[in-house]
Amino acid sequence: MQKPNMAVTGDETAATGDMPTYQIRAPTTALPQGVVMAASPGSLHSPQQLAEEATRKRELRLMKNREAAKECRRRKKEYVKCLESRVAVLEVQNKKLIEELETLKDICSPKTD
DNA sequence: GGCTTAAGACGTCAGTGCAA
DNA sequence: TTGCACTGACGTCTTAAGCC
């Protein structure tokens, strides 16, 4: 049993405004190996042939979606890794700036004794 | 060794955006 | 309008780690 899905928001860009790497859409025209193109609709006759065609279309769609999901997950992992390394860089940068600020405070503040 | 549990990977469904 | 790619959400399975 599946629950109704939430709307897709694509809010990953909220922080930076950049297109997340895992959302960049590359054209994927190549079919997976072993996929046979459909017969032309005009060549279908019996209800059984129609049913077979529907089944074949569904299997093709599932196979494509399966591959798309794998690729989507791979891109998302890459994107998260990229964000994590950026966080690490920014934390170092922030620490240095805080240290610099403290140094300047020491230099500029009047002596109290 | 058998158990519980958390984490990760996977397949599927459903909703969205876009090009033709 | 339609077909398709993309992706969030969900359920299931597998595996590793911790506990008894």
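Protein chains get the first letters and strands the later ones, always in sequence-line order, with residue 1 at the start of each.
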Between C/dC6 atom P and A/Glu71 atom CD, what is the distance in whole Å? 8 Å

Does a distance-only test, which skips hydrogens and angles, find a donor-acceptor pair under 3.5 Å between the side chain of A/Arg73 and the base of B/dG8? no

Which of these, A/Arg74, A/Arg75, A/Lys81, sits in a side chain to side chain donor-acceptor pair (under 3.5 Å) with A/Glu78? A/Arg74

Check every atom of B/dT12, C/dT7, B/dA9 against the side chain of A/Lys77 and return the nucleotide holding the closest atom. B/dA9

If you check every side-chain atom of A/Arg58, which of B/dT12, B/dG11, C/dC6 has the closest atom? B/dT12

For C/dG3, take OP1 and OP2 only and decide whether either is under 4.0 Å from a side-chain N or O of A/Arg61. no

From A/Arg66, A/Arg61, A/Glu59, residue fulfilling side-chain contact (heavy atoms from CB on, under 4.5 Å) relative to A/Met63: A/Arg66

Starting the side chain at C-beta, find the nucleotide from B/dG11, B/dA14, C/dG8 nearest to A/Lys76. C/dG8

Tell me the interatomic distance from A/Glu67, atom CD, to C/dT7, atom C1', rounded to whole angstroms. 16 Å

Could you check how far NZ of A/Lys57 sits from P of C/dG3, rounded to whole Å? 8 Å

I need the CG-P distance between A/Asn65 and C/dG8, as an integer number of Å. 13 Å

Whole-Å gap separating P (B/dC13) and CE (A/Met63): 15 Å

Can you check the A/Leu60 CG to C/dG3 P distance for me, whole Å? 14 Å

Assess, by modelled atom type and distance only, whether the side chains of A/Glu53 and A/Gln49 contain a donor and an acceptor separated by less than 3.5 Å. no

Are any non-hydrogen side-chain atoms of A/Glu100 and A/Thr103 less than 4.5 angstrom apart? no

Rounded to whole Å, NZ of A/Lys64 lies from P of B/dC10 at a distance of 21 Å

Distance, rounded to the nearest Å, where A/Arg66 contributes CZ and C/dG11 contributes P: 21 Å

